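A short write-up of the structure that comes next.
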Amino acid sequence: MNVDKIFSEEQLNQALEANNTLFLLKHSTTCPISQNAFEQYEKFSKEENVPCYYLYVQEARPLSNYVAEQYNVKHESPQVLYFKQGNVEWNTSHFDITYEKLSGYLHE
């Protein structure tokens with residue numbers, strides 16, 4: 001699958017309504033750790049059959065804040081959240097965002 005960029009609460013809510021499960025990456029365009037995480041996330045999205053979305057924290061700060069507040073998950077960047085049936089079931093951040101960890105979690 002491809003990685004789709006989202007900007008708004010409305011887009012996130014549409015994605016959650018359309019998909020039973022999905023991954024969301026909060027990506028910082030100015031952080032080298034985040035760039036590596038984004039590359040790992042892209043690899044994961046190409047090899048696994050699960051919807052994957054991302055947001056640029058600098059461009060979508062209100063959405064990033066909304067996710068943290070709405071789902072009671074402390075904001076980090078980079079950060080991956082796994083949604084199942086509209087709720088955050090799992091999240092990880094920084095150096096733990098690897099293809100192996102994402103794929104391993106998906107196949108638990």
Side-chain angles (χ1 to χ4, degrees):
M1 298 196 112
N2 291 327
V3 181
D4 294 317
K5 186 176 181 182
I6 59 174
F7 299 92
S8 68
E9 290 175 32
E10 181 181 346
Q11 288 175 310
L12 175 62
N13 290 329
Q14 288 172 349
L16 290 169
E17 288 174 17
N19 300 286
N20 187 41
T21 62
L22 65 84
F23 283 87
L24 174 66
L25 172 70
K26 290 182 170 186
H27 175 48
S28 170
T29 57
T30 58
C31 173
I33 296 168
S34 195
Q35 183 56 43
N36 183 60
F38 189 80
E39 291 167 9
Q40 293 289 306
Y41 190 70
E42 280 187 310
K43 178 182 178 186
F44 170 76
S45 74
K46 290 176 184 173
E47 296 191 18
E48 299 290 348
N49 189 26
V50 62
C52 293
Y53 296 85
Y54 72 98
L55 63 87
Y56 286 147
V57 174
Q58 290 86 344
E59 294 176 357
R61 180 80 57 192
L63 175 57
S64 179
N65 292 339
Y66 169 80
V67 170
E69 292 167 13
Q70 180 71 22
Y71 298 97
N72 199 28
V73 178
K74 180 184 174 225
H75 167 75
E76 297 189 67
S77 178
Q79 181 179 42
V80 169
L81 301 104
Y82 176 70
F83 289 84
K84 184 173 184 179
Q85 297 177 337
N87 295 303
V88 174
E89 185 171 287
W90 175 79
N91 74 89
T92 193
S93 66
H94 295 85
F95 293 109
D96 286 333
I97 301 173
T98 64
Y99 169 81
E100 292 78 15
K101 291 230 176 166
L102 296 170
S103 184
Y105 180 78
L106 184 62
H107 297 290
E108 275 187 347

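Bear in mind that the values here come from a model prediction, so they are computed numbers and not experimental data. Only this structure's heavy atoms are used, side chains among them; waters, hydrogens and symmetry mates stay out.
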Taking side chain as C-beta onward, heavy atoms only, is K101 less than 4.5 Å from V80? no
Test your reading of the model: is there a side-chain donor-acceptor pair from Y41 to the backbone of F23, 3.5 Å cut-off? yes
Parallel, tilted or perpendicular, judged at 30° and 60°: which one describes the rings of F83 and Y71? perpendicular
Ignoring hydrogens and angles, tell me if any N or O in the side chain of K26 forms a donor-acceptor pair with the backbone of S64 under 3.5 Å. yes
Residues at least two apart in sequence or cross-chain that pass ring-ring contact (aromatic ring centres under 6.0 Å, His included) with F38, listed by chain then number, are H27, Y54
4.5 Å side-chain heavy-atom contact, N36 and I33: no
With a 4.5 Å limit on heavy-atom distance, are the side chains of C52 and L25 in contact? no
Enumerate the residue pairs fulfilling salt bridge (charged side-chain N to carboxylate O under 4.0 Å, His left out) with a member in residues 7-23, sequence neighbours excluded, ordered by first and then second residue. none
Between Q11 and Y53, a side-chain donor and acceptor under 3.5 Å: no
Per the side chain to side chain donor-acceptor pair (under 3.5 Å) rule, which among E76, Q79, Q58 passes with S28? Q58
Is the closest side-chain heavy-atom distance between N20 and Q85 below 4.5 Å? yes
E47 and S103 side chains, donor-acceptor separation under 3.5 Å: no
